Number of protein chains: 2
Amino acid sequence: MNKKPITITDIAKRANVSKSTVSRVINNTTPVHEEKREAVLKAMKELNFEPNIFARGLASGQSRTIGVMTQNIGTPFYDSIAQGILTRLTTSEYSPIFADGRWKAEAGIVAAETLLGRMVDGLIIVGSRLTEQDLAALENRVPIFLVGREVDRWERRCLFLDNVQGGYDATKHLIDLGHRRIAHIAGIKDHQDAIRREAGYRRALEEAKIDIDEDLICEGSFDGQSGVEAIENLLKRDIKFTAIFAANDMMAFGARLSLYRRGIKVPQDVSIVGFDDQAESAFFTPPLTTIQQPAHEMGAVAANAMLSMILDEDYELPKLKTQVVVRDSTGPPR
Amino acid sequence: MNKKPITITDIAKRANVSKSTVSRVINNTTPVHEEKREAVLKAMKELNFEPNIFARGLASGQSRTIGVMTQNIGTPFYDSIAQGILTRLTTSEYSPIFADGRWKAEAGIVAAETLLGRMVDGLIIVGSRLTEQDLAALENRVPIFLVGREVDRWERRCLFLDNVQGGYDATKHLIDLGHRRIAHIAGIKDHQDAIRREAGYRRALEEAKIDIDEDLICEGSFDGQSGVEAIENLLKRDIKFTAIFAANDMMAFGARLSLYRRGIKVPQDVSIVGFDDQAESAFFTPPLTTIQQPAHEMGAVAANAMLSMILDEDYELPKLKTQVVVRDSTGPPR
DNA sequence: CTTGATTCTGAAACCGCTTGCAAGAATTCA
DNA sequence: TGAATTCTTGCAAGCGGTTTCAGAATCAAG
């Protein structure tokens, strides 16, 4: 709205050098005589110079921007990942720019295109359902890193947790407490995480030589209401169970509410385990036993990997793990 | 990573016109003969042209980007606002770019500078604690819109809810049920919303001619743990109360947990009202009576206003209101 | 004191798009 | 029919950096 910003030319004049030299000290691309270098630095400080990112982007072809494609499927898990990305990027030269894949039909592609249109130097995709073809297409336009999703032959470029293990641990915890009739409220049918968590559930039961009763496995959609309905349904059909493993906390909340309405006590009558460990879970009544996912850290790791990819540096992908957080919603069956 | 992108020049050649003309049809700045216009449009379609935003930004001085400064003080309220902004912007030519004011000391300023460095065309500030001086300084650099915060003489450029009314309604609801000893768990001390909600609480009591017992007003910090502590504290000091109004849902959860641990029944022994109506509240046990805020809508409205400000158009600022959502955590005192 | 190698540095050519300006074409008014 | 307008359009000058290239300056070696 007011006075015009200062440019590299102003700096050049004041430091008595050419634009080229200024550019060189800014980017450290070519050695510059110490004396001049300091003059430039001084001038930049005095004039409080900020390079124009458009000019820079136009000339260099780089935006110093990382696109983040999020997808809320109803859990705060993805939000936390996004937060982690933000946190890591805050201390870098790069800024994130978000796009949400949730709204439109071909949301994923559209979002990706938007981001590419913004010339992002890299794309972090958080738990999308883009097909592998789409991914392959994107892949040779820009560096990509996937979070919360596992894709074959992308080992170095995706970060995810062992959801089978998580589901297994959750179920095992219940089995160890003595439960035999364990209901499972699954997540969205074709969602990778949901499928794996259920697989973990099955594996734990099999290992414990407990017959799997398909009646105990309910469909859910990761939201509270579906948790309520799943349990109502079980109760209505008079199917007996002493424990519930819900594929996420939100559904666990719903399940608990449904029990509460019938006066069924947790954990005395029925134990509940969730998945996510969202902030509210620790304050639930009773505090919810759940599987914790290091979402924030995942985001940070992903951002870090992306920065490395862009700079063509090497990077580590730590093996992050889920963890059982035992609280008061689980106990031995009566 | 591969072949070079097509430019306005390519289009110009193919359509047999000059770059200028192409630019004009893209931006609709000057009438262009229908015939040529169509040729250009056709060429653009055929070549799948996407203007380079850097070149455009450099030449025009506009970025088609709106900066969003968020600040999480621990409630999902701000996240919802951000979502609302995203939603509205999705159907516009503008993209949001986020910065978080949470981390560093002078976080607010730093975040704002980052955004300005990115040449945002507008800045939406979500519930920050920037001083009015800071705001004034920013104000003449870029259009600003504030969400979730009230500032004098910024009437047209800030959107907030009547938190006094919200606090009043919450308290009134309890009074109407017959409660007299109503505890209040306040939010962060110098937080605008916290102050207003407490003011509403006081006003409701005064209006009902109920003496205000300062012992019933506890400090809190908007997180679950502080809710737990507030109530523990009250109980420990043997201060009697039959209802609680917590300045947000998260603290209400904490309060409820604290009661649960002592076997105090909700709502039979103590009623609870929260503030926010976050997604989990409806599935709490018992479902939490709370004050709903149209956060998503606020975000959308803010984004809309910002777009209008940028285009120098007129805009409406609907009067959004809080609303009492009565669920099962409140009832008449025993 | 040359000569060839090594550093530094500035000039100038872009990067892709917007926009002021002026000229050509088309239309209108006397 | 000629002059005055009104439309359209292309040219070319930026916008503020980056980067290539060649020349200047410095240095070690011959």
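Everything numeric here is computed off the predicted structure, so don't read it as measured data. Naming: A, B, ... by sequence-line order, numbering from 1 per chain.
Side chains of A:Ser95 and B:Arg118: a donor on one and an acceptor on the other come within 3.5 Å.
Cation-pi geometry between B:Arg88 and B:Tyr94 is not satisfied (NZ or CZ under 6.0 Å from the ring centre, within 45° of the ring normal). Under the 6.0 Å distance and 45° angle rule, B:Lys319 counts as a cation-pi partner of B:Phe160.
Rounded to an integer number of Å, the gap from CD1 of B:Ile53 to C1' of D:dC15 is 15 Å. The interatomic distance linking B:Asn28 (CG) with C:dT18 (C1') rounds to 14 Å, in whole Å. Atoms CZ (B:Phe54) and P (D:dG17) sit 14 Å apart, rounded to a whole Å. With rounding to whole Å, A:Arg37 atom CZ is found 10 Å from C:dT9 atom P. Rounding to whole angstrom units, CG of residue A:Asp10 and C1' of D:dC15 are separated by 13 Å. Taking atom CZ of B:Arg56 as the reference point, atom P of D:dG16 lies 18 Å away to the nearest angstrom. One can place CD1 of B:Ile26 at 10 Å from C1' of C:dT18, the figure rounded to the nearest angstrom. Rounded to whole angstrom, the span from the CD atom of A:Glu50 across to the C1' atom of D:dG17 amounts to 14 Å.
Aromatic ring orientation, B:Phe54 versus A:Phe54: tilted (interplanar angle from 30° to 60°).
For A:Arg141 and A:Glu113, the salt-bridge test passes: some basic side-chain N is under 4.0 Å from an acidic carboxylate O. Comment: B:Glu46 engages B:Lys42 in a salt bridge, judged by a side-chain N to carboxylate O separation of less than 4.0 angstrom.
Nearest nucleotide to the side chain of B:Ile8, out of C:dT18, D:dG17, D:dT9: C:dT18.
Contact annotation for B:Val32: backbone-only contact, meaning every heavy-atom pair under 4.0 Å involves sugar-phosphate atoms and none involves a base.
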Legend entry - Heavy-atom protein contacts under 4.0 Å, nucleotides 22-27 of chain C, coded B base, S sugar-phosphate only, - none: ------
Inset, instruction - Mark up nucleotides 10-15 of chain C, 5' to 3', with B wherever a protein heavy atom is under 4.0 angstrom from a base atom, S wherever such an atom reaches only the sugar-phosphate, and - elsewhere. - result: BBB--B
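In terms of heavy-atom proximity, A:Thr65 sits nearest to A:Ile97 at CG2-CG2, 3.1 Å.
B:Arg56 places a side-chain heavy atom less than 4.5 Å from the side chain of B:Asn27. Proximity of A:Arg157 to A:Leu135: side-chain heavy atoms (C-beta onward) are nowhere separated by under 4.5 Å. When side chains are defined from C-beta on, B:Tyr78 does not count as touching B:Thr70, because their heavy atoms never get closer than 4.5 Å. Proximity of A:Met69 to A:Ile144: side-chain heavy atoms (C-beta onward) are nowhere separated by under 4.5 Å.
B:Ser23 has a side-chain polar atom (N or O) that falls below the 4.0 Å cut-off from OP1 or OP2 of C:dT18.
A heavy atom closer than 4.0 Å to some atom of DNA chain D occurs in no member of residues 39-49 of chain B.
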